[in-house]
Amino acid sequence: MYNVVFVLGPPGSGKGTICAQIQENLGYVHLSAGDLLRAEREREGSQFGALIEGHIKNGSIVPVEITCSLLENAMIANKEANGFLVDGFPRNEDNLSGWKKQMGGKVNEQFVLFLSCPVDVCIDRCLHRGQGRTDDNVESLKKRVETYNQQTFPIIEQYEKHGMVREVNSQRPISEVYQDVVEVFSAANQK
Ligand code: C5P
Ligand code: MG
């Protein structure tokens, strides 16, 4: 059974940056739901390209059937992994229920890594990261933050009730954030 760690936090909270470091040092494979959706958007012959771009620009959430299949395919393609960092998922109730339906019983959910960072800092980071994303602009960011507050944060709260959330303050320099993250993973994998 695959080990899975969900990584959540506002846009620009450093999910991708921290996941890249965990992947490099701890043997987990990083699966970013957003990156997988962007790759599917670019894939020639995809029937979902326009639909995905519409949601990305709008900061709204793509139907789970699409996202979850991309995640499961990526997991199947990386069978040798110690575990998976599922970054940017589950983002809303639809993501959560679709995941349970498709993946329930196939994975061991270890915990939710919650990177917390004030929203104004996050927005500023997104506006200056220069990744050429179609959604790193003031208008899209407003909508992404709204989606985060209204739909994603309640999912984090649900996991919190089950004692599954490990919160790390990601407003600090990356090396400090990463140190705390390593401790979270050590504690979880000692069990
Ligand atoms: O995580 P990231 O910021 O890369 O996500 C970019 C966009 O991809 C989101 O704003 C959303 O439109 C889409 N997305 C989604 N469902 C997810 C993750 C991302 O629809 N689970
Ligand atoms: Mg990301």
Side-chain angles (χ1 to χ4, degrees), residues 4-24 28-43 46-75 84-103 107 109 112-117 119 121-156 158-159 168 170 174 177-178 181:
V4 164
V5 172
F6 294 120
V7 183
L8 293 173
S13 56
K15 302 185 290 291
T17 306
I18 286 297
C19 285
Q21 296 198 5
I22 304 168
Q23 168 165 279
E24 198 172 309
Y28 282 73
V29 168
H30 175 206
L31 302 179
S32 157
D35 287 352
L36 288 167
L37 287 167
R38 282 182 284 272
E40 177 64 20
R41 178 187 65 187
E42 305 311 328
R43 188 174 64 83
S46 169
Q47 9 159 269
F48 302 125
L51 180 142
I52 291 172
E53 177 54 14
H55 282 289
I56 287 181
K57 261 218 163 111
N58 237 329
S60 51
I61 305 301
V62 173
V64 66
E65 289 75 17
I66 298 173
T67 315
C68 198
S69 297
L70 293 171
L71 286 168
E72 186 173 15
N73 290 341
M75 289 168 75
F84 294 94
L85 303 165
V86 176
D87 157 6
F89 187 97
R91 285 273 237 285
N92 64 1
E93 279 294 341
D94 177 60
N95 274 190
L96 184 58
S97 63
W99 168 269
K100 281 185 186 155
K101 199 161 122 199
Q102 187 171 338
M103 303 303 288
V107 294
E109 295 177 14
V112 175
L113 178 63
F114 170 33
L115 298 179
S116 61
C117 185
V119 158
V121 175
C122 287
I123 290 177
D124 202 56
R125 286 178 179 174
C126 290
L127 289 175
H128 294 99
R129 65 185 167 183
Q131 289 178 355
R133 285 174 51 158
T134 58
D135 58 348
D136 278 347
N137 56 76
V138 174
E139 206 179 317
S140 293
L141 275 162
K142 246 191 215 157
K143 297 177 181 167
R144 290 162 68 192
V145 165
E146 198 174 289
T147 300
Y148 171 77
N149 286 331
Q150 292 179 356
Q151 300 183 40
T152 309
F153 192 70
I155 300 294
I156 298 172
Q158 278 189 45
Y159 278 111
V168 172
S170 66
I174 296 168
V177 178
Y178 185 64
V181 165

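Just so you know, ligand 1 is whichever comes first in the structure, and atom 1 is the first atom listed for that ligand.
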- Query: Judged by modelled atom types alone, do Glu109 and Trp99 share a side-chain donor-acceptor pair under 3.5 Å?
  - Reply: yes

- Query: Hey, is the main chain of Asp136 close enough, under 3.5 Å, to the side chain of Ser140 for a donor-acceptor pair?
  - Reply: no

- Item | Top protein contact for atom 17 (C) of ligand 1, by heavy-atom distance | Gly88 O, 3.5 Å

- Best match, Lys143, Arg133, His55: closest heavy atom to atom 3 (O) of ligand 1: Arg133

- Partner set under salt bridge (Lys or Arg N to Asp or Glu O under 4.0 Å) for Arg41, not counting sequence neighbours: Glu53

- Would you indicate which of Leu36, Ile61, Asp35 comes nearest to atom 16 (N) of ligand 1 when only heavy atoms are counted? Ile61

- Query: If you count the atoms of ligand 1 from 1 in the order shown, which ones are under 4.0 Å from a heavy atom of Val62?
  - Reply: 15 (C), 20 (O)

- Item | Heavy-atom side-chain proximity of Leu70 to Leu37 below 4.5 angstrom | yes

- Taking the side chain as every heavy atom from C-beta outward, state whether Cys122 and Pro11 have any pair of such atoms under 4.5 Å apart. no

- Is there side-chain contact between Val62 and Leu51, with at least one heavy-atom pair below 4.5 Å? yes

- Task: Name the option, out of Arg144, Lys15, Arg91, that contains the heavy atom nearest to atom 2 (P) of ligand 1.
- Result: Arg91

- Measure the distance from atom 14 (N) of ligand 1 to every protein heavy atom, then report the residue, atom name and distance (to 0.1 Å) of the closest one. Leu37 CD1, 3.4 Å

- Message: Can you name the atoms of ligand 1, numbered from 1 with element, that are less than 4.0 Å from a heavy atom of Ser60?
- Response: 11 (C), 12 (O), 20 (O)

- Message: Using a 4.0 Å cut-off to any heavy atom of Arg38, which atoms of ligand 1 qualify?
- Response: 4 (O), 6 (C)

- What atoms in ligand 1 come closer than 4.0 Å to a heavy atom of Asp135? 6 (C)

- Message: Quick check on contacts: which atoms of ligand 1 are under 4.0 angstrom from a heavy atom of Phe89?
- Response: 21 (N)

- Counting heavy atoms only, which of Asp136, Leu8, Ile56 is nearest atom 7 (C) of ligand 1? Ile56

- Message: Between Gln151 and Glu93, is there a side-chain donor-acceptor contact under 3.5 Å, judged purely by atom types and distance?
- Response: no

- Message: Looking at Glu42, I'd like to know if its CD atom is crowded, meaning that more than 12 non-hydrogen atoms belonging to other residues, nucleotides or ligands lie closer than 6.0 Å.
- Response: yes

- Which bit of Asn58 is near ligand 1, meaning a heavy atom under 4.0 Å away: side chain, backbone, both or neither? neither

